[in-house]
Amino acid sequence: MRALIVDDEPMQIQGLLKHIRWEALGYRTPLTARSGMEALKVLQENKVDVLITDVAMPGMTGIELLARIQADYPQQQSMQAIIISGFDEFEFVQEAIQLGAKAYVLKPVKTEELEQKLEALRAAAEKKKRLEQETALLREKVTESREVLLERFINDLTGGWIHSDELLDSWRRLLDLPAGEWQATLFLFDCDSLHLHHSHDAKEQILLGEGLQNAVKLGLDGFSGAYIGKAGAGETAVLVLEAIPEIRARLEKQLSFIQEVLQEQYGASVTVGVSREACSWTEIPLLYKEVRHMISDARLAGYGQIVYCDRHLMNEYQDFRLREEYIPEIVRLLELGENSKASAYASHAFEMMLAGEPISFSYVQAFGMGLLSELARKLKRNQDTDTETNILMWQRLIDCTGVEEVRKSVLEYLAHYTQHKQKEQTTQQHHLIQQVRQHLAAHLQENLTVKQLAGLYHLNSSYLSVLFKKETGQTISEYVQETRMNKAKELLRDPGIKVYEVAEQVGFQTAAYFTFLFKKTTGTTPQEYRDYYY
């Protein structure tokens, strides 16, 4: 580790060189510079891990030095900074942290305190380096292991984690998968014992899951179009691509063999689900859900079965999805503010109903009523206009005579719900930020952190910061500083209040820093401002 000390006072530099136990802390003898410009020259020629800089230096302050390094020295981006200053101010610390400072030390510097911070920075740098090394090693191992890659691919594909053609294409190249659209069938092997809870031993469950996968690999050895991987706990999925009927028939003959192996070796039964054939890779997550539903239903009649997808089972699953998946998901998306996704999801539900076996109009109507009931329950019931809207919409659904009318009515209600929620949320946010602003204005003498402020209103600090900026156009720090300066200007117009008293009343612990920030903000010192008006 190498440190750079920047200070315009030679005695300060010599003191740090002499009294800090650099070697014991894991550092080489530090580099030194007596100005910001000199420090930049040192950084051009040397890799520095930790920068220790004073703030108040002629020509270029420590804050300005940090800003220059951040903007013009990409080779030093991993460098960590310790700021040394006589100013104990919240805004000053915050500005330094925004520019990458990791620690802040007040003058006079205490050797023990600085050593603690140097040791913490070294430990953090070593952990980061070790993590980078482990990540590189993991990347190398993953690239070398096709089996690991295949398991991850099957898990991601069946779980719906592959969202784009670009991502799928990268998997195609990595695993040498067929190009173009796929004719795909999914075989799912699910160990019944894990669902019966016969084993409460983690080791036994792991052995059973591994045994199932090994049996599947053995049984399907030689089938080049079969891709095998784990899909869930006690589940092994086999994706079969572009299989002609003869190949698929030979593969299906192996299903009983795999069941027998598990029974003989582990005394465990396996239920196998065979999906319908899909014409696109985007259908595979749905195949997985359908087959899992089939297996769950089949277990009601017994274990160790081989279940094939048929139209009746697909319709049962479609009904299950509409009730248990689509309606909750549409409501969830609307609550998250994902309005366009919610509308698209609702439209897809109607398309799914129309694409299956002929269904009654009353079924479509019942789906619409169910969705509207869930949304109406979310709205505040104490507003007469909302209650009236809900009643009118339910009546409109009852009066519908066709599926398209139901679809149109549902989508219009989704738009109404979205508009209502946005209006309600905007109003709540406006009132909240007004309360925050009033609190800040009334407590200017206190140096509240954003985290402390957020805690007063039971909010996440990042969320409060985003809301405040959205509502006011300013960060919380900018608002506090502007409010303090405005209050200071007001107080300075009273010649009976001394400058240091003004500084205290607007929340500055030192008149020096108040003067520094006031001039930076207004272009004049507090005394010059007062003299101008009087």
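Note that the coordinates shown come from a computational prediction; the quantities given were computed from them, not determined experimentally.
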- Message: Run the side-chain hydrogen bond (donor to acceptor under 3.5 Å, both in side chains) test on Glu151 and Asn155 for me, step by step, so that the C-alpha distance in whole Å, both residues' side-chain angles and the decisive distance to 0.1 Å come before the verdict.
- Response: CA-CA 6 Å; Glu151 285 197 14; Asn155 190 274; over 6 Å; no
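- Not one N or O on the side chain of Ser280 forms a donor-acceptor pair closer than 3.5 Å with the backbone of Glu283.
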Ignoring hydrogens and angles, write down the donor-acceptor pairs under 3.5 Å from the side chains of residues 450-457, residues two or more places apart or on other chains.
from	atom 1	to	atom 2	distance (Å)
Gln452	OE1	Thr449	N	3.0
Gln452	OE1	Thr449	OG1	3.4
Tyr457	OH	Gln435	O	3.3

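- Contact check for Ile20 versus Thr111: side-chain heavy atoms found under the 4.5 Å cut-off.
- The side chain to side chain donor-acceptor pair (under 3.5 Å) test applied to Asp156 returns Arg152, not counting sequence neighbours.
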- Item | Trace of the side chain to side chain contact (heavy atoms under 4.5 Å, CB included) decision for Lys289 with Thr158 | CA-CA 8 Å; Lys289 291 180 180 179; Thr158 56; over 6 Å; no
- Stepwise, does the side chain to side chain contact (heavy atoms under 4.5 Å, CB included) test hold for Phe514 with Val499? CA-CA 9 Å; Phe514 167 63; Val499 170; 4.0 Å; yes
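- Annotation for Pro285 and Gly160: closest pair CG-CA, 3.7 Å, computed over non-hydrogen atoms.
- For the pair Glu126 and Arg122, the salt-bridge criterion is met [side-chain N within less than 4.0 Å of a carboxylate O].
- In this structure, Asp7 and Glu9 approach most closely via the heavy-atom pair OD1-N, 2.9 Å.
- In terms of heavy-atom proximity, Ala33 sits nearest to Ile13 at O-CD1, 3.7 Å.
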- Message: The test is salt bridge (Lys or Arg N to Asp or Glu O under 4.0 Å); show your working for Glu329 and Arg332 and say whether it passes.
- Response: CA-CA 5 Å; Glu329 181 64 9; Arg332 187 187 73 84; 2.7 Å; yes
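- You'll find the side chain of Val506 stays beyond 4.5 Å of the side chain of Gln445, heavy atoms only.
- For the pair Met79 and Val50, the minimum side-chain heavy-atom distance is 4.5 Å or more.
- Residues Leu118 and Trp22 have side chains in contact (heavy-atom distance under 4.5 Å, counting atoms from C-beta outward).
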- List the steps and the verdict of side chain to side chain contact (heavy atoms under 4.5 Å, CB included) for Ile5 and Leu51. CA-CA 6 Å; Ile5 303 172; Leu51 173 72; over 6 Å; no
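- The distance from the CG atom of Leu464 to the CG atom of Leu432 is 6.5 Å, given to the nearest 0.5 Å.
- Taking the centre of each ring, Phe468 and Tyr479 come in below the 6.0 Å mark.
- Remark: the backbone N or O of Ser340 is not paired with any side-chain donor or acceptor of Ser343 at under 3.5 angstrom.
- Separating the OG atom in Ser461 from the CD1 atom in Ile476 is a distance of 8.5 Å, to the nearest 0.5 Å.
- With a 6.0 Å radius and a threshold of 12 heavy atoms from other residues, nucleotides or ligands, Lys217 has its NZ atom above the threshold.
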- Item | Stepwise side chain to side chain contact (heavy atoms under 4.5 Å, CB included) check, Leu40 with Tyr73 | CA-CA 9 Å; Leu40 293 177; Tyr73 290 77; 3.3 Å; yes
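- Within the 4.5 Å cutoff, side-chain heavy atoms of Ile52 are placed close to those of Ile84.
- Side-chain atoms of Glu501 come within 3.5 Å of backbone N or O of Lys498 as a donor-acceptor pair.
- Salt-bridge formation is detected for the pair Glu235/Arg292: a Lys NZ or Arg NE/NH1/NH2 atom is positioned less than 4.0 Å from an Asp or Glu carboxylate oxygen.
- At least one side-chain heavy atom of Ile69 sits under 4.5 Å from a side-chain heavy atom of Leu65.
- The main-chain N or O of Glu471 is never found under 3.5 Å from a side-chain atom of Gln429 such that the two would form a donor-acceptor pair.
- More than 12 heavy-atom neighbours from other residues, nucleotides or ligands sit within 6.0 angstrom of NZ on Lys47.
- To the nearest 0.5 Å, atom OH of residue Tyr27 and atom CG of residue Leu121 are 5.5 Å apart.
- By the 30° and 60° cut-offs, the orientation of the rings of Trp161 relative to His163 is perpendicular.
- Gln509 places no side-chain N or O within 3.5 Å of a backbone atom of Glu504 that could act as its donor or acceptor partner.
- Atom CG of Asn46 and atom NZ of Lys41 lie 14.0 Å apart (nearest 0.5 Å).
- Proximity of Arg493 to Tyr529: side-chain heavy atoms (C-beta onward) are separated by under 4.5 Å at one or more points.
- Taking CG from Leu371 and CG from Leu414, the interatomic distance works out to 6.0 Å, rounded to the nearest 0.5 Å.
- Using a 4.0 Å cut-off between charged side-chain N and carboxylate O, Lys230 and Glu210 make a salt bridge.
- Contact of the His430 side chain with the Thr427 side chain is not registered, since no non-hydrogen atoms from C-beta on lie closer than 4.5 Å.
- Of the possible polar contacts, one joining the Trp182 side chain to the Pro178 backbone as a donor-acceptor pair under 3.5 Å is found.
- Residue Gln474 holds its CD atom at 10.0 Å from CD of Gln481, rounded to the nearest 0.5 Å.
- Heavy-atom minimum distance, Phe518 versus Pro526: CD2-N, 3.6 Å.
- For Arg34, the CZ atom sits in a loose shell: 12 or fewer heavy atoms of surrounding residues, nucleotides or ligands are nearer than 6.0 Å.
- Taking every heavy atom of both residues into account, Leu17 and Pro30 meet most closely at CD2-CD, 3.7 Å.
- Across all their heavy atoms, Asp49 and Met1 have their closest contact at OD2-CA, 3.2 Å.
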